[in-house]
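Computed from a prediction, not measured in an experiment: that's the story for all the values here. Numbers for residues simply follow the sequence, beginning at 1.
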Amino acid sequence: MSDHQDPAGMAALSICEALLLALNDLNLLQEREIVGVLRDAAVTHECANGSEFELETHSAVAKLINEIIVSGNFSRRS
């Protein structure tokens, strides 16, 4: 997978992060539910099929999502 930055991917990540934060701020999703959404997304990529390149891409996406979960960068801390 290329190391170049993907503006569309970065935009999508920022938008999703903002939506998850807003849902949490409005008490529509609790932090554990947000983690569940992120885990579901990671598992989808971990179980994906495709060419070698596609599998590498899915693996990298799953790794990034799992790193977000572990680091807690998906939620605002007081």
Quiz item: Looking at side-chain heavy atoms only, is the closest gap between N66 and L38 below 4.5 Å?
Solution: no
Quiz item: Which heavy-atom pair separates A62 from A42 by the least distance, and what is that distance?
Solution: CB-O, 3.7 Å
Quiz item: Any side-chain heavy atom of E17 sitting closer than 4.5 Å to one from L13?
Solution: no
Practice problem: First locate atom CD1 of I68, then atom SG of C16, and finally report the distance between them rounded to the nearest 0.5 Å. | Solution: 9.5 Å
Practice problem: Would you please test L23 and I34 for side-chain contact (heavy atoms from CB on, under 4.5 Å) and show each step? | Solution: CA-CA 9 Å; L23 290 170; I34 293 170; 5.7 Å; no
Quiz prompt | E54 side chain vs S51 backbone, donor-acceptor pair below 3.5 Å | solution = yes
Practice problem: Measure the spacing between CD1 of I69 and CZ of R39 and express it to the nearest 0.5 Å. | Solution: 5.5 Å
Quiz item: Is S59 reaching over with its side chain to a backbone N or O of L55, donor-acceptor style, under 3.5 angstrom?
Solution: no
Exercise. Report whether L20 and L26 are members of the same hydrophobic cluster (ILVMFWY, side-chain heavy atoms less than 4.5 Å apart, transitive linking).
Key: yes
Quiz item: Between M10 and I65, is there a shared hydrophobic cluster once you connect ILVMFWY residues whose side-chain heavy atoms come closer than 4.5 Å?
Solution: no
Self-check item: Spacing of CG belonging to L19 relative to CG belonging to N24, to within rounding of 0.5 Å
Solution: 12.5 Å
